[in-house]
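One structure, pasted below without further comment.
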There are 2 protein chains.
Amino acid sequence: MTADGAASPGLTREALAQAALRVLERDGLAGLSMRKVAAEVGVKAASLYWHVRNKEELLDLLNDALMADAVAPPRTGHWRTQFREYCLLHRRLLLDKRDAAKVVAGRLAPGPHLIALMEDQLDRLREAGFSDADAAMAAYLLAAYVQGFVLQEQSPIAAAEAAGSSRREVVDAVADRFRALPRDTYPNLVALADDLTDPDMEARFEFGLQRILDGLAALLPPDRR
Amino acid sequence: MTADGAASPGLTREALAQAALRVLERDGLAGLSMRKVAAEVGVKAASLYWHVRNKEELLDLLNDALMADAVAPPRTGHWRTQFREYCLLHRRLLLDKRDAAKVVAGRLAPGPHLIALMEDQLDRLREAGFSDADAAMAAYLLAAYVQGFVLQEQSPIAAAEAAGSSRREVVDAVADRFRALPRDTYPNLVALADDLTDPDMEARFEFGLQRILDGLAALLPPDRR
DNA sequence: CCATTGCCCCTAACGGTGTTAGGGGCTCAC
DNA sequence: GTGAGCCCCTAACACCGTTAGGGGCAATGG
């Protein structure tokens with residue numbers, strides 16, 4: 001009655017997740033409240049607790065919904081290009097939805113979609129020749145890097161949205177702060193201010209990614225690198 | 001008058017940061033409120049806004065206070081061992097204070113302590129032979145990895161503290177969930193459940209660290225690796 | 001000596017939060 | 001028809017960040 005009222009048959013946990021996704025996109029993670037999600041599905045806040053134990057569980061649903069659009073790259077070519085593509089896609093996924101990295105960050109309990117992704121990654125790593133232990137560690141390493149990177153990458157975006165400015169303005173302000181430091185005690189920060197705040201995040205992501213893939217390749221016998 | 005009342009001369013921003021640090025240690029980030037920090041310094045909540053624009057600014061102070069204990073490793077030996085030590089120390093720092101990774105995560109505006117650390121790291125990277133652009137990227141990469149790693153590492157700890165259980169119990173529960181998956185559709189997860197949930201996080205951190213350092217070393221001319 | 005200024009804290013309140021208790025219809029199965 | 005269950009409601013609790021406005025108290029300047 002309140003919203004578009006697509007809930008004729010009844011409320012699903014899936015519908016809740018979709019509503020939470022819309023609220024997240026509109027108001028960000030800080031603005032995502034039980035009351036707003038309830039309103040989004042045309043219901044009062046207390047009713048959510050019939051479908052969900054608490055907000056934490058709703059965030060688990062949201063977390064999985066974020067991963068629903070994840071796709072695996074084609075399973076062709078070198079393992080390196082496959083995993084490069086994997087990480088680029090994962091970053092893009094987290095980056096495209098507002099505050100997605102913050103939602104995912106530090107969340108225990110991977111949802112079904114993430115579990116499927118992990119399974120696929122482990123399979124490819126083992127096929128590439130990594131030992132069981134190395135495959136597990138490599139998957140963890142790549143996930144930690146992508147999450148950590150996007151989390152830092154997304155924070156100027158969030159700050160820019162909070163203030164009225166653009167992301168570029170926020171980054172430039174940081175660069176100016178570096179440049180304004182006393183040159184005699186912080187010579188490197190002053191000199192590298194431009195490099196440190198290079199707005200081409202895609203390139204910076206790729207840099208780290210290539211270093212990690214290089215490091216992983218060194219674990220394989222030379223003929224499988 | 002309420003607390004230990006060490007505030008005879010007057011309230012400092014530094015004192016606020018220390019109080020926030022104590023509240024964080026006691027109640028975690030979710031339990032850190034303006035009212036509690038105020039009570040910790042023997043004052044009412046509204047009074048904080050004389051010293052601080054809003055909670056966000058208090059968190060910036062807290063962020064810098066967390067970095068106050070950071071120490072730089074000795075500047076001797078190979079750059080690789082220096083940066084290995086750097087990252088181990090940084091992880092230890094984040095891991096030792098409750099929810100430290102969550103406080104630091106995605107925070108724009110590095111505080112003075114972090115700025116000093118970045119300066120030192122950039123200096124060592126350039127001395128090791130990295131180009132300006134590579135040094136900036138390498139520093140960013142290492143920071144993203146450590147933060148991302150500790151963020152994931154700390155989440156079972158937080159979950160264990162929220163429930164009454166130990167960290168080991170939480171991790172074991174995750175391992176059981178992996179093992180309980182249908183073996184025909186998730187063969188790798190089932191087979192690698194133990195590897196994926198290996199509780200030796202120190203070793204897992206070191207694994208990723210060595211891969212990254214390997215990758216970075218490949219950027220240097222062979223005689224400087 | 002008085003007045004003014006600026007610092008620092010207070011009380012009170014606003015609108016919002018997550019969550020629980022308890023109740024009431026509505027639809028099935030028996 | 002009647003009970004059981006599902007699903008939503010209202011009302012309330014304790015807490016949150018933040019603001020408005022006021023009061024005391026020290027130092028400063030006339």
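Within every chain, numbering begins at 1; the chains are lettered A, B, ... in the order of the sequence lines, protein sequences first and strands thereafter.
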By side-chain hydrogen bond (donor to acceptor under 3.5 Å, both in side chains), A:Glu119 pairs with (sequence neighbours left out) B:Asn188

From D:dC8, C:dT17, D:dG17, nucleotide with atom closest to B:Lys55 side chain:
D:dG17

Could you check how far CD of A:Glu57 sits from P of C:dG18, rounded to whole Å?
15 Å

Using a heavy-atom cut-off of under 4.0 Å over every strand shown, decide if B:Leu32 touches base, sugar-phosphate, or nothing.
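Sugar-phosphate contact only - B:Leu32 comes under 4.0 Å of backbone atoms but never of a base.
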
Establish, with yes or no, whether the OP1 or OP2 oxygen of D:dC9 is under 4.0 angstrom from a side-chain nitrogen or oxygen of A:Lys44.
no

Side chain to side chain contact (heavy atoms under 4.5 Å, CB included), paired with B:Leu89, selected from B:Glu85, B:Arg91, B:Arg92:
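For B:Leu89, the side chain to side chain contact (heavy atoms under 4.5 Å, CB included) test succeeds with only one of B:Glu85, B:Arg91, B:Arg92, which is B:Glu85.
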
State which of C:dT19, D:dC16, C:dT17 makes the closest approach to the side chain of A:Ala45.
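In terms of side-chain proximity for A:Ala45, the closest of C:dT19, D:dC16, C:dT17 is C:dT19.
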
Calculate the interatomic distance between A:Arg53 atom CZ and C:dT20 atom C1'; express it in whole Å.
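It works out to 15 Å between those atoms.
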
Which listed nucleotide (D:dC8, C:dC10, D:dC16) is nearest to the side chain of A:Val43?
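Closest nucleotide to the A:Val43 side chain: D:dC8.
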
Give me the bend of the helix from C:dC1-D:dG30 to C:dC30-D:dG1, using the axes of the five pairs at each end, rounded to 10°.
20°

Please report the distance, rounded to the nearest Å, between CG in A:Asp27 and C1' in C:dG15.
16 Å

Contact check, side chains of B:Arg168 and B:Pro199, non-hydrogen atoms, under 4.5 Å:
yes

Side-chain N,O (A:Ser47) to OP1/OP2 (D:dC7) below 4.0 Å
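A:Ser47 to D:dC7 OP1/OP2: no side-chain N or O under 4.0 Å.
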
Lys/Arg N to Asp/Glu carboxylate O, A:Asp194 vs A:Arg179, below 4.0 Å
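Result for this pair is yes, salt bridge flagged.
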
Rounded to whole Å, how long is the line connecting atom CG of A:Leu16 with atom P of C:dG18?
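My rounded result for the distance is 14 Å.
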
Do A:Arg35 and A:Glu40 touch side chain to side chain, with heavy atoms closer than 4.5 Å?
no

Checking C:dT20, C:dT17, D:dT18 against the side chain of A:Tyr49 (C-beta onward), the nearest is C:dT20

Nearest whole angstrom, please: distance from the C1' of C:dT17 to the CD of A:Glu56.
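Taking CD of A:Glu56 and C1' of C:dT17, I get 15 Å after rounding.
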
Taking the side chain of B:Trp50 as its heavy atoms from C-beta onward, which of D:dG17, C:dC7, C:dT19 lies nearest to it?
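Within the option list, the nearest is C:dC7.
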
Please determine, for the side chain of B:Leu11, which listed nucleotide (D:dT18, C:dG18, C:dC9) has the closest atom?
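Comparing D:dT18, C:dG18, C:dC9 against the side chain of B:Leu11, the answer is C:dC9.
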
Restricting to ring-ring contact (aromatic ring centres under 6.0 Å, His included), what partner residues turn up for A:Tyr186, sequence neighbours left out?
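ring-ring contact (aromatic ring centres under 6.0 Å, His included) check on A:Tyr186 returns nothing, list empty.
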
For A:Leu48 and C:dT17, what is the distance between atoms CG and P respectively, to the nearest whole Å?
12 Å

Is the ring centre of B:Phe149 less than 6.0 Å from the ring centre of B:Phe205?
yes

Using a 6.0 Å distance limit plus a 45 degree cone around the ring axis, check whether B:Arg204 lies over the aromatic ring of A:Tyr140.
yes

Is the base of C:dG18 touched by the side chain of A:Arg35 through a donor-acceptor pair closer than 3.5 angstrom?
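Looking at the base of C:dG18, it does pair with a donor or acceptor on the side chain of A:Arg35 (distance under 3.5 Å).
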
Can you tell me if the side-chain N/O atoms of B:His51 get under 4.0 Å from OP1 or OP2 in C:dC7?
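So the side-chain polar atoms of B:His51 never come under 4.0 Å of the phosphate oxygens OP1 or OP2 of C:dC7.
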
Hey, which sits more toward the 5' end of DNA chain D by its nearest nucleotide, A:Ala46 or B:Ser33?
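Here A:Ala46 is the residue nearer the 5' end.
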
